[in-house]
Amino acid sequence: MTVTEAAAPPAAGRWELFRALGAVAGDPADARTACAALGWAGPDNAEHTEVFVLNCPPYAAVYLGAEGSLGGDAADRTAGFWRAIGLAPPAEPDHLAALFGLYASLGEAADGARTAATADALTRARHALFWEHLWPWLPGYLDTVTDLRAPGLAPWARLAWRALLAERDAHPGGWLPLALRAAPEPGPAPDNLDCLLDLLITPVRSGFILTRRSLAAGAKAAGAGYRIGERRFTLRALLEQDPAGAVSWLAGEAARWSRRHAAAPPRRQDGGSRPGDIVQSWWARRAGHTARILAMTAR
């Protein structure tokens, strides 16, 4: 998704916008209230569940953790950030609603700080939150939500993308976050099915996101039956039915995601552009590696 494809931000203030965007990923009723404030009807309960429960859980750990699941070291790392800035972590410290709410609170606190030193400390904390816990996973996540074509949430994904790009361009510097630096190193093609499944259902290892919806599309593309269940179960069934067709489709998905990551808009600062994006380049290389080893496996 590019900046020109995203809807223009509403007239709401910068921090109110992020708080509202976070609320959409929370309770369905809150989501409809937030969407109405942002200018569209929002999702019904079924659509909200389809997106945020069944396909795209809004937790950083799912996309940045070595396990590709809720909790674990990635969630602990996010909880540690809350503690580092003097706050008790909420029950779900890596939930998107909590992270966007914290981002808004830090911005508001800096704007209202009585001294320059306090404002600077709060702004630095907000920069760290952005580069360590938001930008590393949200571009791919929002693209995945967009792929679901959910009418009540597609405007949300576009608006969140635009807001994040504006924040990225406003933040000085930028660095590769710890979650990506600590990610398992890419290796050769897995030598058994369980290891291949571990790779494919873990975004930080594979470089791309597989949802239940995308697996259904993959089964159709491979001419195989789609078995409903957890992603690992569904993917195992697909690979056992038609190994060559499934691996070929997966290689194509990985290659598509590599191109998608690489196409992230360049940073824009002071009226100019800076080529590339260190985080999205990391994801592009990771997905590209997965595409290559899958293509070799399919031969």
Side-chain angles (χ1 to χ4, degrees), residues 1-2 51-52 54-70 74 96 134-149 157 160-161 164 176-177 179-190 193 195-222 226 230-236 238-239 245-265 276-298:
M1 185 186 302
T2 67
V51 172
F52 292 121
L54 298 180
N55 283 281
C56 298
Y59 296 87
V62 173
Y63 310 97
L64 298 180
E67 304 85 4
S69 61
L70 298 174
L96 183 55
L134 293 175
W135 189 248
W137 66 285
L138 281 174
Y141 176 82
L142 293 170
D143 278 343
T144 305
V145 173
T146 301
D147 286 346
L148 297 176
R149 300 185 182 278
W161 233 122
L164 284 167
L176 195 65
L180 302 188
R181 299 197 308 272
E185 289 293 326
L193 181 55
C195 289
L196 180 59
L197 291 170
D198 289 341
L199 167 68
L200 292 171
I201 66 170
T202 308
V204 81
R205 297 183 61 193
S206 68
F208 67 105
I209 299 170
L210 285 174
T211 64
R212 293 187 183 193
R213 183 82 64 84
S214 63
L215 287 173
K220 183 177 181 180
Y226 174 67
E230 294 296 325
R231 289 179 307 138
R232 189 183 185 93
F233 169 83
T234 300
L235 187 54
R236 178 186 290 275
L238 178 58
L239 287 164
V247 170
S248 178
W249 173 77
L250 288 162
E253 275 294 282
R256 181 177 73 89
W257 271 97
S258 181
R259 294 190 297 271
R260 190 179 219 176
H261 294 312
D277 178 299
I278 187 172
V279 172
Q280 299 314 305
S281 294
W282 185 96
W283 283 103
R285 291 193 301 273
R286 183 58 56 105
H289 176 82
T290 301
R292 288 190 295 275
I293 64 173
L294 288 173
M296 290 187 292
T297 302

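What you see below is based on every heavy atom in this structure, not just the backbone, and it leaves out hydrogens, waters and symmetry mates.
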Determine whether the side chains of Asp277 and Trp135 contain a donor N or O and an acceptor N or O closer than 3.5 Å. yes

What is the minimum heavy-atom distance between [X] and [Y], and which atoms define it?
| X | Y | answer |
| --- | --- | --- |
| Ala183 | Val204 | CB-CG2, 3.7 Å |
| Leu148 | Asn55 | CD1-CB, 3.8 Å |
| Pro203 | Gly68 | CD-CA, 4.5 Å |
| Pro190 | Leu196 | CB-N, 3.5 Å |
| Trp249 | Leu210 | CH2-CD2, 3.9 Å |

Can you confirm whether [X] sits close enough to [Y] that some side-chain heavy atom of one is under 4.5 Å from a side-chain heavy atom of the other?
| X | Y | result |
| --- | --- | --- |
| Arg231 | Leu215 | yes |
| Trp161 | Pro139 | yes |
| Trp257 | Asp143 | yes |

Here's one to test your reading of the geometry: is the NZ or CZ of Arg286 within 45 degrees of the ring axis of Trp283 and under 6.0 Å from its centre? no

Donor-acceptor under 3.5 Å ([X] side chain, [Y] main chain):
| X | Y | answer |
| --- | --- | --- |
| Tyr141 | Cys56 | yes |
| Ser214 | Thr211 | yes |
| His289 | Gly207 | no |
| Ser258 | Ala287 | no |
| Arg205 | Ala66 | no |

Give the intermediate values and the outcome of side-chain contact (heavy atoms from CB on, under 4.5 Å) for residues Tyr63 and Thr144. CA-CA 12 Å; Tyr63 310 97; Thr144 305; over 6 Å; no

Could you grab the distance from atom CZ of Arg285 to atom CD of Gln280, nearest 0.5 Å is fine? 11.0 Å

Within this structure, what is the CZ-CD distance for the pair Arg260 and Glu253, rounded to the nearest 0.5 Å? 9.0 Å

Quick test of your reading of the model: are Arg213 and Asp147 salt-bridged, counting only N-O distances below 4.0 Å? no

Heavy-atom count around Arg181 CZ within 6.0 Å, excluding the residue itself: above 12? yes

